[in-house]
Amino acid sequence: EVQLVESGGGLVQTGGSLRLSCTFSGSTFDDHFNDHAIGWFRQAPGKEREGVSCISWSEGRTYYTDSVKGRFTISTDNGKNTVYLQMNSLKPEDTAVYYCAVADYQAPLPVLWSATHLVHTWGQGTQVTVSS
């Protein structure tokens, strides 16, 4: 069973930065790790959960939703089984609960991260609040 542990959320002013971390483990995940995409969704109050960014573990390909391009950067530390989301130039509209997620790499990344139903494992979520 795959397990995801997130950290790094918090309160920051507009224009500030935060770095989210997601560390994963689990025998099934390790066996098939190269076939997975891992990244972040977010959900603001009253809104649907949306895909923010992901990375394919085997190829290192990345995806970003348009609203965060140029501000967010996703990266991995293979030795630590950790994925990071560096968030710069934060805006109030980035306020949301951010969820780490894993999906089988069975479609192009924009397709994988366009909907939640392709995700098979979720983290517990971490709150990001950007004050104006």
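FYI, side chains are in, hydrogens and waters are out, and symmetry mates aren't considered; it's all heavy atoms of this structure. Sequence positions, counted from 1, serve as the residue numbers for this chain.
Counting heavy atoms from C-beta outward, Thr73 and Tyr64 have side chains that approach closer than 4.5 Å. Within the 4.5 Å cutoff, the side chain of Trp40 has heavy atoms near those of the Leu20 side chain.
For Ser21 and Thr82, the side-chain atoms include no donor-acceptor pair closer than 3.5 Å. Side-chain contact check for Glu93 and Thr95: no donor-acceptor pair (N or O, by modelled atom type) lies under 3.5 Å.
Test Gln124, Arg49, Arg42 against Tyr99 for side chain to side chain contact (heavy atoms under 4.5 Å, CB included) and you get one pass: Arg49. Among Asp77, Ile55, Thr76, the single residue meeting the side chain to side chain contact (heavy atoms under 4.5 Å, CB included) criterion with Tyr84 is Asp77.
Taking the charged nitrogens against the carboxylate oxygens, Lys69 and Asp66 do have a contact shorter than 4.0 Å, which makes a salt bridge.
Summarising the geometry of Gly16 relative to Val12, their closest heavy-atom pair is CA-CG2, 3.7 Å, with the distance given to 0.1 Å. Counting all heavy atoms, side chain and backbone alike, Cys100 lies closest to Leu4 at O-CD1, 3.7 Å.
Note that the CZ atom of Phe72 and the OG atom of Ser17 stand 9.5 Å from one another [nearest 0.5 Å].
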- Walk me through it: do Ile38 and Trp57 pass the test side chain to side chain contact (heavy atoms under 4.5 Å, CB included)? CA-CA 7 Å; Ile38 184 167; Trp57 193 257; 4.2 Å; yes
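In this structure, Phe41 has its ring center under 6.0 Å from that of Trp122.
Judged as a salt bridge (charged side-chain N to carboxylate O under 4.0 Å, His left out), and not counting sequence neighbours, Glu6 has no contacts.
For Tyr98 (side chain) and Leu85 (main-chain N/O), no donor-acceptor pair under 3.5 Å exists by modelled atom type.
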